[in-house]
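Since the structure comes first, as C-alpha cells, the remarks are kept for the end.
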Amino acid sequence: VADNKRGKATIEIDSSSVVASITFWNKGDVAALLFNKRANKEYILDDRKLSPSDQVELLMDSYMRRVVEESEKKPAG
C-alpha cells in the first residue's frame, strides 16, 4: 500500500497465524509491527528514524525472517 499524500509505503502480511505491517515513511522513519494470532501477542520489530547506513533490503530480510519464525511457532499448550 502506498500513500503519496502522507509519504509512506506499507507492506502488509496476513496469514492464519500472523499479521505484520512494515511502513517506510518519506521523512525517513520505519515502523515494523507483528502480531502473532495464536499467542495473542504483539511485537514491535522496529520503530525509529533510519540512518544513512541502513540498507532497506537487509532490514526487509530481517523483518521477513521474523515473520516466518513467528508463523512457524507451534501454539502453546
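Both backbone and side-chain heavy atoms feed into the values below; hydrogens, waters and symmetry mates do not.
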Discussion item. Please list all pairs meeting salt bridge (Lys or Arg N to Asp or Glu O under 4.0 Å) that have one or both residues in residues 49-60, counting only residues at least two apart or in different chains.
Written reply: R48-D54
Practice prompt. Taking the side chain as every heavy atom from C-beta outward, state whether W25 and V30 have any atom pair closer than 4.5 Å.
Written response: no
Worksheet entry | Spatial distance of atom CG (L45) from atom CG (L59) [nearest 0.5 Å] | 11.0 Å
Worksheet entry | Residue list, side chain to side chain contact (heavy atoms under 4.5 Å, CB included) with S62, at least two apart or on another chain | none
Practice prompt. Report yes if the side chains of M60 and I22 come closer than 4.5 Å at any heavy-atom pair, otherwise no.
Written response: yes
Worksheet item: Between Y63 and L34, is a side-chain contact (heavy atoms from CB on, under 4.5 Å) present by the stated rule, with each step listed?
Response: CA-CA 9 Å; Y63 304 149; L34 172 65; over 6 Å; no
Worksheet item: Does the side chain of I13 reach to within under 4.5 Å of the side chain of V19, using non-hydrogen atoms?
Response: no
Worksheet item: Quick one: does L33's side chain get under 4.5 Å of I44's, heavy atoms only?
Response: yes
Response to the item:
In short, S21 meets T10 closest at the heavy-atom pair OG-CG2, 3.7 Å
Worksheet item: Hydrophobic cluster mates of V68, side-chain heavy atoms under 4.5 angstrom, ILVMFWY only, any path?
Response: none
Worksheet entry | Heavy-atom closest pair, residues L50 and F24 | CD1-CD2, 4.1 Å
Worksheet item: Any idea which heavy atoms bring S15 and K37 closest together, and the distance?
Response: O-NZ, 2.6 Å
Worksheet item: Quick one: do R66 and E70 make a salt bridge, cutoff under 4.0 Å?
Response: yes
Worksheet item: Under a 4.5 Å cut-off applied to non-hydrogen side-chain atoms, are Y43 and V67 in contact?
Response: no
Practice prompt. Compare every heavy atom of N36 with every heavy atom of R38, then report the nearest pair and how far apart it is.
Written response: N-OD1, 2.9 Å
